[in-house]
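Position 1 is the first residue of the sequence; numbering continues from there. Bear in mind that the values here come from a model prediction, so they are computed numbers and not experimental data.
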Amino acid sequence: MDMLDAYVGYELGSSSEPDDIPRTNDSVWVLGKQYHATDDLEAIRQDVQSRLWCTYRRGFVPIGNTQLTTDKGWGCMLRCGQMVLAEALTELHLGRDWKWSTDTRNTTYLKIVNRFEDSKQAPFSLHQIALMGDSSEEKRIGEWFGPNTVAQVLKKLVKFDDWCSLVIHVALDNTLATDEIVELCTSHQRTDQDGPGWEPLLLIVPLRLGLSEVNPIYIEGLKTCFQLPGSCGMIGGRPNQALFFIGYVGEEALYLDPHTVQRVGCVGEKEDSSEQEQDETFHQRYASRIAFGAMDPSLAVCFLCTSRAAFDQLVAQFNERLNGGGSQPLFEVTKTRQAPWTPTTVSSASSRKNSGPMEAFNVISATEIPNEEFEEVEPRTLDDSDEEFEIIA
């Protein structure tokens, strides 16, 4: 049995084909690239396999002062955060068309994958994400994250790794203020012929598109996001399970699932078979599918802008295809963020006199409504349904 196929229940030599991509004439979109579902099946699978697949692990050094040596049951959103950041780093340093294979020994690739290994020394390890969540976001180690929380943690962590050459902006309150991003990404330490340089940007926009399920009016907008240049997917999931969405076909989203428990290990220069096998545990050949309507309404759309021109192009696409097209806008794009509306209390004697029989009342601004993440709106339980799959040497 092939090691990767074992994880998802596929056996080599079996008569059944994995049900990853339906046999249809529909287009398949994967992170900004368009394929034909039947004619390009092998290219689709190679593209999926080239994405970094981060899953539950067991047997790592305990995190902080806890006794936790596995993230099974609580770390799925942290793993999805790793996957979207890994995708941004891969596209930035290797290019969108780069492909992984079992023989890959690319030094830049190894620098990327090493950053997500399960040790405190790795800049974007589960340890670093959990510890940063504990210290800055009031999320205890072992507690479930939501899309906004993991985005805020990653935003802080990238500041400590100069090699990644990336900044993260998290657009809150369903509003993308372009001036904020330009200010963030314009570096005065590095200049080019056009003036101040541009720090590559990973843009994350947390959204809540319904109460208990995604409102159907937003589905076309979500599809459009997968088609846009620089798409780095979406972090979200279904109730009680976080997933990393990478594309769609028809009315279904394609995703990589972190709910597989693998043994912890280290990927080096792959001069022996054990390190090569460990590298293979970061890749999955077959995507899974879920109906858009079955997705949790709390998610975050993600985009990479490697230059100012790429950012301007993305904003133009937002205005034309998301806010000016036939789909319901997912978020607002504005030049500057308006100052919050300060709540006022109508309580003076004159207001009572002018209001007739109306009682005095408090005016509450919409900006005061907390942008709660879905695990806070809807109580969640630990995911204890995962089977443990092990690498059989």
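- Side-chain contact of Y109 with N114: a donor-acceptor pair under 3.5 Å is absent, judged by distance alone.
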Exercise. In sequence, state the C-alpha distance, the side-chain angles, and the governing distance for F292 and L222, and then conclude on side-chain contact (heavy atoms from CB on, under 4.5 Å).
Key: CA-CA 9 Å; F292 279 100; L222 292 177; 4.1 Å; yes

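- Taking each heavy atom of V249 and P22 in turn, the nearest pair found is CG1-CD, 3.8 Å.
- Nearest heavy atoms, L201 versus C185: CB-SG, 3.6 Å.
- V150 and F160 fall within the same hydrophobic cluster, where Ile, Leu, Val, Met, Phe, Trp and Tyr residues are linked whenever their side-chain heavy atoms come under 4.5 Å apart, directly or through other members.
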Quiz item: Between F244 and M234, is a side-chain contact (heavy atoms from CB on, under 4.5 Å) present by the stated rule, with each step listed?
Solution: CA-CA 6 Å; F244 176 47; M234 303 176 189; over 6 Å; no

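- Considering all non-hydrogen atoms of both residues, L330 and C225 come closest at CD1-SG, 3.7 Å.
- The shortest distance between side-chain heavy atoms of E199 and L184 does not fall below 4.5 Å.
- Contact check for M83 versus P258: side-chain heavy atoms found under the 4.5 Å cut-off.
- F318 pairs by the ring-ring contact (aromatic ring centres under 6.0 Å, His included) definition with F303, F331, not counting sequence neighbours.
- C164 approaches L92 most closely through the heavy-atom pair O-CD2, 3.4 Å.
- Taken to the nearest 0.5 Å, the CD atom of Q128 stands 8.5 Å off from the CD atom of Q121.
- Here the side chain of E143 pairs a donor or acceptor atom with the backbone of R140 at under 3.5 angstrom.
- A distance-only check finds no donor-acceptor pair linking the side chain of S136 to the backbone of G133 [under 3.5 Å].
- Side chain of S50 to main chain of Q46: a donor-acceptor pair is present (N/O by atom type, distance under 3.5 Å, no hydrogens or angles).
- In terms of modelled atom types and a separation under 3.5 Å, the side chain of E117 and the main chain of S119 share no donor-acceptor contact.
- Put simply, L209 and I217 are part of the same group of oily side chains (I, L, V, M, F, W, Y) that touch within less than 4.5 Å, one to the next.
- Contact annotation: the side chain of I181 never approaches that of D179 to less than 4.5 Å [non-hydrogen atoms, C-beta and beyond].
- In this structure a side-chain-to-backbone donor-acceptor pair under 3.5 Å is missing from R45 to V48.
- Looking only at side-chain heavy atoms (C-beta outward), D279 and E277 stay at 4.5 Å or farther from each other.
- Under the 4.5 Å side-chain heavy-atom criterion for ILVMFWY residues, no single connected hydrophobic cluster contains both V61 and V264.
- When each of D257, D71, T260 is tested with R79 by the rule side chain to side chain donor-acceptor pair (under 3.5 Å), just one qualifies, namely D71.
- In this model, a donor atom of one side chain and an acceptor atom of the other lie less than 3.5 Å apart for Y35 and D47.
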Practice problem: Decide side-chain contact (heavy atoms from CB on, under 4.5 Å) for L166 and L89; before the verdict, give the C-alpha distance in whole Å, the side-chain angles of both, and the deciding distance to 0.1 Å. | Solution: CA-CA 8 Å; L166 190 72; L89 293 179; 4.1 Å; yes

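- A side-chain donor-acceptor contact under 3.5 Å links Q34 and S27.
- A heavy-atom distance below 4.5 Å is not found between the side chains of P297 and N215.
- Note that OG of S288 and CD of E252 are 10.5 Å apart. Values are rounded to the nearest 0.5 Å.
- Within a 6.0 Å radius of CG in D39, other residues, nucleotides and ligands contribute more than 12 heavy atoms.
- For the pair R57 and F282, the cation-pi test (distance below 6.0 Å, angle within 45°) is passed.
- Checking T90 against R51 by side-chain atom types alone, no donor-acceptor pair falls below 3.5 Å.
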Exercise. Give the C-alpha distance, both sets of side-chain angles, the deciding distance and a yes or no for side chain to side chain donor-acceptor pair (under 3.5 Å) between E137 and T149.
Key: CA-CA 7 Å; E137 300 296 323; T149 298; 5.1 Å; no

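- Closest approach of P206 to L172, counting heavy atoms only: CG-CD2, 4.2 Å.
- Of the N and O atoms on the side chains of W53 and H283, not one donor lies less than 3.5 Å from an acceptor on the other residue.
- A donor-acceptor pair under 3.5 Å is formed between the side chain of T70 and the backbone N or O of K72.
- Residue pairs meeting the ring pair (Phe, Tyr, Trp, His ring centres under 6.0 Å) criterion with at least one partner in residues 200-234, sequence neighbours excluded, do not occur; the list is empty.
- In terms of the ring-ring contact (aromatic ring centres under 6.0 Å, His included) criterion, residue partners of F60 (sequence neighbours excluded) are, by chain and number, H127.
- Taking the ring-ring contact (aromatic ring centres under 6.0 Å, His included) definition, one finds that H169 meets it with nothing, sequence neighbours left out.
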Practice problem: Quick one: do L176 and L203 satisfy side-chain contact (heavy atoms from CB on, under 4.5 Å)? Show the steps, please. | Solution: CA-CA 10 Å; L176 176 64; L203 173 63; 3.7 Å; yes

Side chains of residues 306-314: which donor-acceptor partners sit under 3.5 Å, not counting sequence neighbours?
residue : atom : partner : partner atom : Å
S307    : OG   : A310    : N            : 3.1
R308    : NE   : D312    : OD1          : 3.1
R308    : NE   : D312    : OD2          : 3.4

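- In this structure, CH2 in W29 is found 9.0 Å from CG in L228, a value given to the nearest 0.5 Å.
- Other residues, nucleotides and ligands contribute at most 12 non-hydrogen atoms within 6.0 Å of the NZ atom of K120.
- Residues that satisfy the salt bridge (charged side-chain N to carboxylate O under 4.0 Å, His left out) test with E180, not counting sequence neighbours, are R337.
- Donor-acceptor pairing under 3.5 Å is recorded for the side chains of R321 and Q227.
- Looking at heavy atoms from C-beta onward, I168 lies in side-chain contact with I204 at the 4.5 angstrom threshold.
- Under a 3.5 Å cut-off, the side chain of T175 and the backbone N or O of D173 do form a donor-acceptor pair.
- For the pair R238 and E213, the minimum side-chain heavy-atom distance is 4.5 Å or more.
- With R96 contributing its side chain and G230 its backbone, the two residues share no donor-acceptor pair below 3.5 Å.
- The OG1 atom of T224 sits 12.0 Å away from the CD1 atom of I219 when rounded to the nearest 0.5 Å.
- Of the possible polar contacts, none joining the H36 side chain to the D26 backbone as a donor-acceptor pair under 3.5 Å is found.
- The pair D20-R285 does not meet the salt-bridge criterion, since no charged nitrogen lies less than 4.0 angstrom from a carboxylate oxygen.
- Under a hydrophobic-cluster definition in which Ile, Leu, Val, Met, Phe, Trp and Tyr are linked whenever side-chain heavy atoms come within less than 4.5 Å, directly or via other members, L52 and W163 are assigned to the same cluster.
- Annotation: the span from R115 atom CZ to I112 atom CD1 amounts to 8.5 Å, rounded to 0.5 Å.
- Of the possible polar contacts, none joining the K139 side chain to the L131 backbone as a donor-acceptor pair under 3.5 Å is found.
- From C232, atom SG reaches atom CG of L202 across 6.0 Å, with rounding to the nearest 0.5 Å.
- In plain terms, the two heavy atoms of I63 and A130 that are nearest each other are CG2-CB, 4.2 Å.
- Side-chain contact between C76 and H259: present, with at least one pair of heavy atoms (C-beta onward) separated by less than 4.5 Å.
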